[in-house]
Amino acid sequence: MAVYTDISETQLASFLADYDLGALLSYKGIAEGVENSNFLLRTEAGTFILTLYEKRVNRADLPFFVGLMEHLAERGISCPLPVHTKVGEALGELAGRPGAIFTFLEGMWTRRPTADHCRAVGAAMAGMHAAARDFGLRRENGLSLGEWRPLFESCGDRVDEIEPGLAAAIDEELSYLEANWPADLPAGIIHADLFPDNVFFLAGELSGLIDFYFACNDLLAYDLAIGLCAWCFEPDGSFNVTKGRGLIEGYAGVRPLSANEVAALPILCRGASMRFMLTRLYDWLNVPEGSFVTKKDPREYLRKLRFHRAVASAAEYGFDLERVTQ
Ligand SMILES: Nc1ncnc2c1ncn2[C@@H]1O[C@H](COP(=O)(O)OP(=O)(O)OP(=O)(O)O)[C@@H](O)[C@H]1O
Ligand SMILES: N[C@@H](CCO)C(=O)O
């Protein structure tokens, strides 16, 4: 359960006194999520989310995250909007943790994405990329190509417990990625974790994006590659080309891709699979049993990596080239 920091009603009421949200009516911890403590608040002004930032979020990055959500919301992207205190602050402190209050987004994430969901997510991702273009702050991706090998090395000598020969296979794949990673593709601010649990739908329509705590400056098409990995595989491990087409054509309907971006999709998908396999592998080997963090299976991303390694051209992701390029 993702409530690491307990708060008392008295603490919360005194925190809320800095805001124009009326009196506290009720609050409860939210079980979902693993990074931060989230609470559902009801006050006289409505329903809100209180997020307390835990250790894995770097305090210095908070102005970037909170500012980005504000920037996107101002440009019509449906995402949580930070609520300001009476003196105009978006970030405060509660129970020794940095905290912020956000508007509540209606909707639920979908456990069974369809091709229509994928199309909507592609369009929303491209809309987010476009809306973030004039955001004034930068944040380097702390989980980009250069960080993968140190992360792998920090997993130590237990990697082959997951599968015999895995350490050598990762080493070889990292060498390929390091030698061939594309450099000259359009870059900007990406979400970097736009998985199904971070996209809400309401009555079949996309109602908003949440969890911008991996957002950073990186290749725009890398976000699309993360989306292909997270949205377009079936539970049996097969890639669904109809979903792939939906995601890519949904994206390109808002921001057409360049021919170079299309050509780079297979290697970007290999990199995205590597990134999520490694963070999951690290957690698998290092997070103690019975802790709050729900461990996700690194082998899911190993299987996805193998699929992308066998892709000879981006056309195998199922889209019509003429429809997605400029
Ligand atoms: N603005 C919001 N409106 C409605 N619900 C929200 C909002 N923000 C967060 N939630 C709820 O809180 C849950 C956890 O939020 P979030 O995914 O941001 O947490 P996290 O700990 O950063 O998670 P993750 O494990 O994905 O990194 C969400 O699944 C959702 O149910
Ligand atoms: N989306 C990530 C976890 C949260 O960042 C994963 O599925 O591994």
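Order of appearance sets the numbers: ligands from 1, and atoms from 1 within every ligand. Treat the numbers as computed from the prediction; the structure is a model and nothing was measured. Note: hydrogens, waters and symmetry copies are ignored here, and every other heavy atom, side chains too, is used.
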Ligand-side contact atoms (ligand 2) for residue partner Phe276, heavy atom cut-off under 4.0 Å: 2 (C), 6 (C), 8 (O)
Does Lys304 qualify as a cation-pi partner of Tyr301, given the criterion of NZ or CZ under 6.0 Å from the six-membered ring centre and within 45 degrees of its axis? yes
Can you list the atoms of ligand 2 that are under 4.0 Å from a heavy atom of Asp193? 1 (N), 2 (C), 4 (C), 5 (O)
Phe195 neighbourhood, listing ligand 2 atoms whose heavy-atom distance to it stays under 4.0 Å: 1 (N), 6 (C), 7 (O)
Relative to the ring of Trp148, is the ring of Tyr222 parallel (under 30°), tilted (30 to 60°) or perpendicular (over 60°)? tilted
Between Leu105, Asp197, Asn38, Asn36, flag the one that comes closest to atom 19 (O) of ligand 1 by a heavy atom. Asn38
Are Leu268 and Leu185 side-chain neighbours, meaning at least one heavy-atom pair lies under 4.5 Å? yes
If I apply the N/O under 3.5 Å rule, does Arg275 come out as touching ligand 2? no
May I ask you to decide if the ring planes of Phe239 and His308 are parallel, tilted or perpendicular, using 30° and 60° as cut-offs? perpendicular
Part of Tyr301 with heavy atoms under 4.0 Å of ligand 2, whether side chain, backbone, both or neither: neither
Which of the atoms in ligand 1, numbered in the order shown and given with their element, are less than 4.0 Å from a heavy-atom of Ile210? 17 (O), 28 (C)
Tyr53 and Phe65: CA distance, side-chain angles, deciding distance, ring pair (Phe, Tyr, Trp, His ring centres under 6.0 Å) verdict: CA-CA 11 Å; Tyr53 297 99; Phe65 299 136; 7.7 Å; no
If hydrophobic clusters are built from ILVMFWY residues whose side chains come within less than 4.5 Å, do Ile226 and Leu143 share one? yes
Go through the steps for Thr43 and Phe48 under the test side-chain contact (heavy atoms from CB on, under 4.5 Å), then give the verdict. CA-CA 8 Å; Thr43 78; Phe48 301 89; 3.7 Å; yes
Show the atoms of ligand 1 that are less than 4.0 angstrom away from any heavy atom in Thr103. 1 (N), 2 (C)
Using distance alone, decide if ligand 1 has a nitrogen or oxygen within less than 3.5 Å of any nitrogen or oxygen in Tyr213. no
Does any N or O atom in Thr279 lie less than 3.5 angstrom from one in ligand 2, N or O only? no
Heavy atoms only: which of Trp109, Phe39, Phe200 is nearest to atom 30 (C) of ligand 1? Phe200
Keeping Thr325 on the side-chain end and Ser258 on the backbone end, is there a donor-acceptor pair under 3.5 Å? no
Is there a heavy atom of Asp193 sitting under 4.0 angstrom from any atom of ligand 1? no
Per-atom contacts of ligand 1 with Asn198, taking only distances under 4.0 Å to non-hydrogen atoms: 17 (O), 26 (O)
Should the pair Phe233 and Phe307 be assigned to parallel (<30°), tilted (30 to 60°) or perpendicular (>60°) ring geometry? perpendicular
Should you measure from each heavy atom of Pro80, which atoms of ligand 1 turn up under 4.0 Å away? 1 (N)
